[in-house]
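Okay, structure first, notes after.
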Amino acid sequence: MKKIINAPEQYTDDMLRGIYAAYPDMVRYAGNDLRCYCTARKKQGKVAIITGGGTGHLPLFLGYVGENLLDGCGVGGVFQSPGAEQIYNVAKQVEAGAGILFLYGNYTGDIMNFDMAAELLEMDGIETAGIVGADDVLSGPDGAVRRGVAGIFFMYKCAGAMAARMGTLEEVLEAAKKAKDNTRTVGFALTPCVIPEIGHPNFTLAEDEMAFGMGIHGEPGIWNGPVKTADELAGESLDEILNDMPLGAGQEVCVLINGLGATSQEELYILSGSVHKLLKDKGITIYRTFVGEYATSMEMAGASISICRMADEEMKQWMDMPVHTPFYIQV
């Protein structure tokens, strides 16, 4: 294992120390716990949006804490859920008098700990609501079991924009739900990654082999086989997405081409070009395209394609909302 670290067991906390040192005017932590990651610019009277998840996915999850997006994040170890107490402490730090929306991925540990934190907050008289991202088409037949992956970005955008406009907790929740209902993702991996505390790859692939449908923690996909071209991967991914969420000619979408950690920008734009051509051939209009690393898996090579259907004009306004975090800026 070759990584720029001090000690494997210090990986997450050392990373957080570096972030806080670099951006003291933008983010801070609650109490004495580095893993209670909070905005430094709380806005009174605004619904607070809190996410959480394991380290190893930057800029997901904590990378979206900032202006017009999220307000806090419970940070777990590499590929591990944050604790209920951490989530509760983040919530107490960023709560601004209008309630709290918990918005996070559809993983068992996260659900359990966010539910526990919500119960504690309700005892404090703080209103909460919760919603999970579940956009990974190939991880299950429906949103009840599907994993939340890169498409949660669109939920962050919509909910964050509504909260920035001082919407009510119910309105912010509905904005997140609208994005969830209209978002689908398919991903694929070319290499494994190495979790620092384990020190070896979390799965194996032959030199000429890839995994289609693999999750961001190395969860198995639907097939392993020879590496396909960008055009082939775009075609198969869109087939899966559009079979699950049919789109007709004249409809508008946002496209997210996401790198998993070790995929070059050049490759992502090649894939983006393939997706654009296929959608254009179907008469589907692309409103906005986002290309880059939005939800990674350490140094895994691979990518995911997310499609978010623009259900109405308001969704377009949410997508256009400027945002500013230490990890992501949209003007």
Side-chain angles (χ1 to χ4, degrees), residues 37-39 41-53 60-62 64-74 82 84 87-107 110-135 142-144 146 148 151-184 245 254 287 306 308-323 325 330:
Y37 188 94
C38 305
T39 179
R41 302 173 180 177
K42 182 167 76 170
K43 185 175 181 180
Q44 202 61 35
K46 187 184 83 70
V47 171
I49 306 173
I50 297 171
T51 193
L60 196 71
F61 296 89
L62 60 84
Y64 297 108
V65 172
E67 183 181 358
N68 296 338
L69 278 174
L70 311 181
D71 300 278
C73 177
I87 298 164
Y88 171 77
N89 288 335
V90 170
K92 294 289 284 187
Q93 179 70 33
V94 302
E95 191 273 329
I100 291 170
L101 177 67
F102 288 146
L103 201 177
Y104 54 96
N106 192 19
Y107 299 94
D110 293 334
I111 293 170
M112 178 181 68
N113 289 331
F114 273 92
D115 283 350
M116 290 174 60
E119 291 175 4
L120 293 172
L121 290 165
E122 302 255 340
M123 288 190 287
D124 290 343
I126 298 172
E127 185 180 7
T128 67
I131 187 170
V132 297
D135 53 302
D142 55 51
R146 286 179 180 171
I152 199 172
F153 166 77
F154 291 123
M155 297 175 68
Y156 290 162
K157 279 286 290 173
C158 292
M162 179 55 77
R165 293 178 176 178
M166 307 305 285
T168 65
L169 179 57
E170 182 179 359
E171 289 172 332
V172 175
L173 174 62
E174 283 302 310
K177 186 177 186 300
K178 187 181 291 187
K180 175 179 178 176
D181 291 345
N182 288 284
T183 299
R184 304 291 188 276
M245 183 180 67
C254 285
Y287 182 68
S306 300
C308 182
R309 174 173 48 199
M310 296 293 94
D312 52 35
E313 292 300 314
E314 189 173 35
M315 283 191 77
K316 296 179 188 179
Q317 295 172 14
W318 295 338
M319 293 300 169
D320 293 341
M321 173 77 76
V323 298
T325 86
Q330 178 180 321

Between R165 and W318, is any pair of side-chain heavy atoms under 4.5 Å apart?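 A side-chain contact under 4.5 Å exists here.
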
N68 vs V323 side-chain heavy atoms within contact, under 4.5 Å: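 The answer is yes, as the side chains (C-beta and beyond) meet within the 4.5 Å cut-off.
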
Please test K157 against Q330 for side chain to side chain donor-acceptor pair (under 3.5 Å), starting from the C-alpha separation and ending with a verdict. CA-CA 11 Å; K157 279 286 290 173; Q330 178 180 321; 3.2 Å; yes

Scan side-chain atoms only and decide if T128 and E122 contain a donor-acceptor pair under the 3.5 Å cut-off.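 Yes, a side-chain donor-acceptor pair sits under 3.5 Å.
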
Would you please say whether a donor-acceptor pair under 3.5 Å links the side chains of N113 and Y88?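 Not at all, the side chains of N113 and Y88 share no donor-acceptor pair under 3.5 Å.
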
Using a strict cut-off of less than 4.0 Å between a Lys/Arg side-chain nitrogen and an Asp/Glu carboxylate oxygen, indicate whether D320 and K316 qualify as a salt bridge.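 A salt bridge is absent here (no side-chain N lies under 4.0 Å from a carboxylate O).
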
Parallel, tilted or perpendicular: which describes the rings of F102 and F114, with under 30° parallel and over 60° perpendicular?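 Taking F114 first and then F102, their aromatic rings stand perpendicular (interplane angle over 60°).
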
Using the side chain to side chain donor-acceptor pair (under 3.5 Å) rule, take T51 and Y64 through it: C-alpha gap first, then chi angles, then the decisive distance, then the call. CA-CA 9 Å; T51 193; Y64 297 108; over 6 Å; no

For K180, which of V132, L103, D135 qualifies under side-chain contact (heavy atoms from CB on, under 4.5 Å)?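 Only one option passes, and that is V132.
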
Looking at R41, K46, K43, which one forms a side-chain contact (heavy atoms from CB on, under 4.5 Å) with D71?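 The single option meeting the side-chain contact (heavy atoms from CB on, under 4.5 Å) with D71 is K46.
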
Evaluation steps, side chain to side chain contact (heavy atoms under 4.5 Å, CB included), between I50 and I100: CA-CA 7 Å; I50 297 171; I100 291 170; 3.8 Å; yes

Minimum heavy-atom distance between N182 and M245, given as atom pair plus value: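 Minimum heavy-atom contact is O-SD, 3.3 Å.
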
